[in-house]
Number of protein chains: 2
Amino acid sequence: MEGPDAVGGRAARPTLRQVAAEAGVSLKTASRVLNGHPHVSDATAARVRGAADALGFRLNRIARELRSGATSTSVGLIISDLANPFYSRIARGAERVLRASGLQLVTASTDEDSTQERSLVEELLERRVRALLVVPSGTDHAYLEPEHGRTPVVFLDRPPVRLAVDTVLVDNRAGARAGVAHLLRAGHRRIGFVGDLSRLATQRERMAGFADAMQAAGVLQWERYVRADSHDQATAARSTRDLLATDPAPTALFTSNNVNTAGALRALTGVPTPPALVGFDDFDLADVLGITVVGHEPEEMGRIAAERVVARLNGDDSPHRTVVLPTRIIPRGSGERAAADIR
Amino acid sequence: MEGPDAVGGRAARPTLRQVAAEAGVSLKTASRVLNGHPHVSDATAARVRGAADALGFRLNRIARELRSGATSTSVGLIISDLANPFYSRIARGAERVLRASGLQLVTASTDEDSTQERSLVEELLERRVRALLVVPSGTDHAYLEPEHGRTPVVFLDRPPVRLAVDTVLVDNRAGARAGVAHLLRAGHRRIGFVGDLSRLATQRERMAGFADAMQAAGVLQWERYVRADSHDQATAARSTRDLLATDPAPTALFTSNNVNTAGALRALTGVPTPPALVGFDDFDLADVLGITVVGHEPEEMGRIAAERVVARLNGDDSPHRTVVLPTRIIPRGSGERAAADIR
DNA sequence: TTGAAAGCGCTAACAG
DNA sequence: CTGTTAGCGCTTTCAA
């Protein structure tokens, strides 16, 4: 049941000109009707609408925006992994704010690949997104410099390198320091660190916070219990088992993000006297599992970043600023097990 | 440091024409250089590129696509909630396939609102997405009928109403039936059902599967233990507590999706002899928590739907088809607690 | 109330 | 190797 204009099984989409011809009016009149503009007689309007429906016409917003000079209403969000709840919560927070301003979120993921990051950014800019929210994977963002004063760009979660733009971060170093101090207070001295890729700024900062706390407590040889660069649950589980097999074994673990916490938990299943555990990032069901975390609000980060974007689009040209969100320890049991009680 | 064309704090973006003028060549030559086409002398090319960089030029893909008649390279995905792992896993599965075909995923969420669904669909179509992946919230999709033969549309998770298009579903009824039968086999007769909005087709089917199993087992008055329409964890927790307070209390629970399972788990925390539990949908850490589920693969659903889209775009005009993905019971302990052992 | 002509930024077709 | 002309689908003058 293809229309007469079917080409290779695909019907050609009618243009406004065809609708106008079908209705026996000029292009402009058809345009007026379909855009709800005044000064058209009811009869004419009805005829145009009838023709549009009959042909399956749908306005081409792209062409409209090109002519009217209006930019698109979409805002790009670049994250590393769509399926990581941490990023999808950022996306949700941002989407709510943007939608309230009539903007649409376009999400793309990089799989933590800096080449992908750059090409996605370029592509979105060529598509003329109004603004860009970026959780960077790359290590140099100077290529975004020419956008200054053109397209508002806000970085989230990780700071930009060689680029000055609005940024929303979490206080990683202080958060990690507090989380580890929490374990030290329970009497732990041998504390294992299970971390993600150390090329990520967030991870380096959390590692630094870990070191801060250990050094402040005068613990020696804490480096022995550091396992970094596990970017998925399986690797984190392996690192955890590896730590538990050390002699003497650590009595506590600090996991540096949600993925590593999940991996560690997997490795700890069935262990009779599991080490104490504090994880960076809160996660769903952490309360049911009784896992103490260094929590913060990804939605909040998305919300604030989106609000910056909206402000910039509304003409705010104040100097770029960096917002650092606080963390807080949420004690749920796993982080309060005393060192004396482990093994 | 705005450029000379700054308007309201925003620099105007240079056009190809301006680049050409700056480089002292024609429009077409500039176009050739910036598109990497042959037959341009190195010297000219260098001059054009220099001008482009100096002006901060970025090709306008929208205009290019308009002129070349090429449709965009984006595919729209409409889901109800970006932050529900179930949907983000669908998105990830789809994105991988699409990217491999040079297509970009554009995600938008509806918050389970059918008005939102329709307006997002219309908007994406006006933006000329190449195809549409829809997890519907609405109850009538006839408005998509004119797209037949124009834009490939694939429905996921829930079937379309009054519309014939490719669809990828999960075998909800059989899955629920099997999950409940699993509980019945462990001797349970009083089984509580904690369900999501019953206007959702998936929920009605899972409810039907629940009823199938109960009736086949000759259980009477099972309706007493049915609590539907909880769409968030808090409500599901309340329904669960309500069920546990019934006299006589159910010895087992069947939760009809990931959100309700999480809510139930929250309500069950600290209960000395918790009821047996089987949940529909697998979820992260279910293994650590020892929760028996009726599992299936959301990524797979996204992948298959995206593959249908790609096939359609490549000219496949075979009749539309519905793929129903199987589920399987993953026993992890919570669903194997015998009725005799509860209270 | 309606319409004709021009042009948004770009590429295709055809000259030079 | 380079340039000129036309036109994608639409809106914006400006005129009737």
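Both backbone and side-chain heavy atoms feed into the values below; hydrogens, waters and symmetry mates do not. Every chain is numbered from 1, with letters handed out A, B, ... down the list of sequences.
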Could you tell me how far apart L34(B) (CG) and dT11(C) (C1') are, to the nearest whole angstrom?
13 Å
For dT11(C), does either OP1 or OP2 sit under 4.0 Å from a side-chain N or O belonging to N35(B)?
yes
In whole angstrom, give the distance that lies between atom NE2 of H37(B) and atom P of dA13(C).
12 Å
Report yes if a donor N or O on one partner sits less than 3.5 Å from an acceptor N or O on the other, where the partners are the side chain of R32(B) and the base of dG3(D); otherwise report no.
yes
Given dC1(D), is OP1 or OP2 found less than 4.0 Å from the side-chain N or O atoms of T44(B)?
no
Rounded to whole Å, how long is the line connecting atom CD of E65(B) with atom C1' of dG9(C)?
13 Å
Under 4.0 angstrom between S41(A) side-chain N/O and dT1(C) OP1 or OP2:
no
Say you draw a straight line from CZ of R64(A) to CG of L34(A); how long is it, rounded to the nearest 0.5 Å?
10.0 Å
Between dC10(D) (C1') and R128(B) (CZ): distance, integer Å:
11 Å
May I have the distance from E126(B) (atom CD) to dC10(D) (atom C1'), rounded to whole angstrom?
13 Å
What I want to check is whether an N or O donor and acceptor connect the side chain of R17(A) with the base of dG9(D) at under 3.5 Å.
no
Euclidean distance, R61(A) CZ relative to R127(B) CZ, rounded to 0.5 Å
5.0 Å
Are the side chains of V25(A) and V48(A) in contact, using a 4.5 Å heavy-atom criterion?
yes
Nearest-Å distance for atom pair CD1/P, residues I62(B) and dC10(D):
14 Å
Side chain of L59(B) (C-beta onward), nearest among dT11(D), dT11(C), dA4(C):
dT11(C)
Heavy atoms from C-beta onward define the side chain here; which of dC10(C), dT11(D), dT11(C) lies closest to that of T15(B)?
dC10(C)
If you only use heavy atoms from C-beta on, which nucleotide in dA12(C), dT2(C), dT11(D) is closest to the side chain of V40(A)?
dT2(C)
Round to a whole Å and report the spacing from CG of L16(B) to C1' of dG7(C).
16 Å
L66(B) has a side chain; which of dG9(D), dT2(C), dT11(D) sits nearest to it?
dG9(D)
D81(A) side chain reached by T110(A) side chain, heavy atoms, under 4.5 Å
no
Of dT2(D), dT11(C), dA4(C), the nucleotide closest to the side chain of H39(B) is dT2(D)
Shortest side-chain distance from L27(B), nucleotide among dA13(C), dC10(C), dG3(C)
dC10(C)
Report yes if a donor N or O on one partner sits less than 3.5 Å from an acceptor N or O on the other, where the partners are the side chain of R67(A) and the base of dG9(D); otherwise report no.
no
Short side-chain N/O contact to dT11(C) OP1/OP2 from S31(B), under 4.0 Å:
yes
Below 4.5 Å, heavy atoms only, C-beta onward: do V168(B) and L325(B) meet side chain to side chain?
yes
Counting C-beta onward and ignoring hydrogens, is there a side-chain heavy-atom pair between M301(B) and D157(B) closer than 4.5 Å?
yes
In whole angstroms, how far is the C1' atom of dA13(C) from the NZ atom of K28(B)?
9 Å
Where the side chain of V25(A) is concerned, which of dG3(C), dG3(D), dT11(C) is the nearest nucleotide?
dG3(C)
